[in-house]
Amino acid sequence: MSAKKIAVGNIECGADELFLISGPCVIEDESVMMKTAEMLKEVGERMNIKIIYKSSFTKDNRSSLKYYDGPGLDKGVKMLAKIKEQFGFPVLTDIHYPDQAAPAAEVCDVLQIPAYLCMQSGLLKAAAATGAVINIKHGQFLAPENMKHPVGKCV
């Protein structure tokens, strides 16, 4: 079986070169986002490792309604665009609903499907229709060999 390589910005995923996906789980205020990006830029340069900046505009799978779930799609995507432009990072964000796919893909290089949503056909099809790279997180409820099903929905 040959390895498949996927370009994400200036990063060739699947190649022999290591890269890091990192950032705040959920988008916080702009100062936290910018400070995190500055630190990641510094770490990347010092360790000679490429970075994909990851933060979600909404975390819709919180265990309590009391927990902060993000600034929402519009404000969040604008903040990710600013990080991408200022620091040159490719960016990754979670999407939870099909109607989030296209607006998120206008800025984000990678759309991530949360583990609990990895079998949602409408969400997977909407993400695939954007042409963005898709990172499908492995649902804990699926045997590893069954991840071929969500991947097949995207293909």
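Computed from a predicted structure; not experimentally measured.
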Would you name the heavy atoms of C25 and K54 that are closest together and state the gap between them?
O-NZ, 3.3 Å
Which atom names give the shortest non-hydrogen contact between I11 and P90, and what distance separates them?
CD1-CG, 4.1 Å
Would you say F89 and I52 make side-chain contact, with heavy atoms under 4.5 Å?
no
Taking I6 as the starting point, is it possible to reach L92 by hopping between hydrophobic residues whose side chains are less than 4.5 Å apart?
yes
What pair of heavy atoms forms the shortest contact from A7 to V133, and how long is it?
O-CG2, 3.8 Å
Are M147 and V155 in one and the same hydrophobic cluster, where Ile, Leu, Val, Met, Phe, Trp and Tyr link if side-chain heavy atoms are under 4.5 Å apart?
yes
Is it the case that atom CZ in F141 sees more than 12 heavy atoms from other parts of the structure closer than 6.0 Å?
yes
Check whether K153 reaches the backbone of M119 with its side chain - one donor and one acceptor, N or O, closer than 3.5 Å.
yes
Under 3.5 Å donor-acceptor, K50 side chain and N10 backbone:
yes
Please answer: with hydrophobic residues joined when any side-chain heavy atoms are less than 4.5 Å apart, are I21 and I113 in the same cluster?
no
Treat each ILVMFWY residue as a node, draw an edge where side-chain heavy atoms are under 4.5 Å apart, and state whether F19 and V110 are in one component.
yes
From CD1 (I51) to CE (M39), nearest 0.5 Å:
11.5 Å
Are any non-hydrogen side-chain atoms of Q120 and H96 less than 4.5 angstrom apart?
no
Between V151 and K148, is any pair of side-chain heavy atoms under 4.5 Å apart?
no
How long is the gap from OG on S56 to CD on Q100, to the nearest 0.5 Å?
10.0 Å
Taking all heavy atoms of P150 and all of C118, pick out the closest pair and write down the distance.
CB-O, 2.9 Å
Counting only heavy atoms not in E85 (residues, nucleotides, ligands), do more than 12 fall under 6.0 Å from its CD?
no
Would you mind checking if D94 and K137 are paired as a salt bridge, meaning a charged N to carboxylate O distance below 4.0 Å?
no
So does D16 have more than 12 non-hydrogen atoms from other groups sitting under 6.0 Å from CG?
no
Common cluster, M33/F57, ILVMFWY with side-chain heavy-atom separation under 4.5 Å:
yes
For the residue pair I136 and C154, establish whether any side-chain heavy-atom pair is separated by less than 4.5 Å.
yes
A side-chain contact here means heavy atoms from C-beta on lying under 4.5 Å apart; do V77 and P103 qualify?
no
Do any N or O atoms from the side chain of K84 and from the backbone of C108 form a donor-acceptor pair under 3.5 angstrom?
no
Check P98 against A126 and note the closest heavy-atom contact, atom names and distance.
O-CB, 3.6 Å
Within this structure, what is the OG-CD1 distance for the pair S22 and I49, rounded to the nearest 0.5 Å?
9.5 Å
Passing candidate, side-chain contact (heavy atoms from CB on, under 4.5 Å) with I95, options I134, L123, T58, L73
L123
Check: T36 main-chain N/O paired with Y53 side-chain donor or acceptor under 3.5 Å:
no
If you measure from NZ on K35 to CD on E30, what distance do you get to the nearest 0.5 Å?
13.5 Å
Sidechain-backbone polar pair: T130 side chain, A105 backbone, donor-acceptor under 3.5 Å
no
When rounded to the nearest 0.5 Å, the distance separating CG of D109 from OG1 of T93 is 11.5 Å
Between atom CE of M47 and atom CD of E42, what is the distance when rounded to the nearest 0.5 Å?
12.5 Å
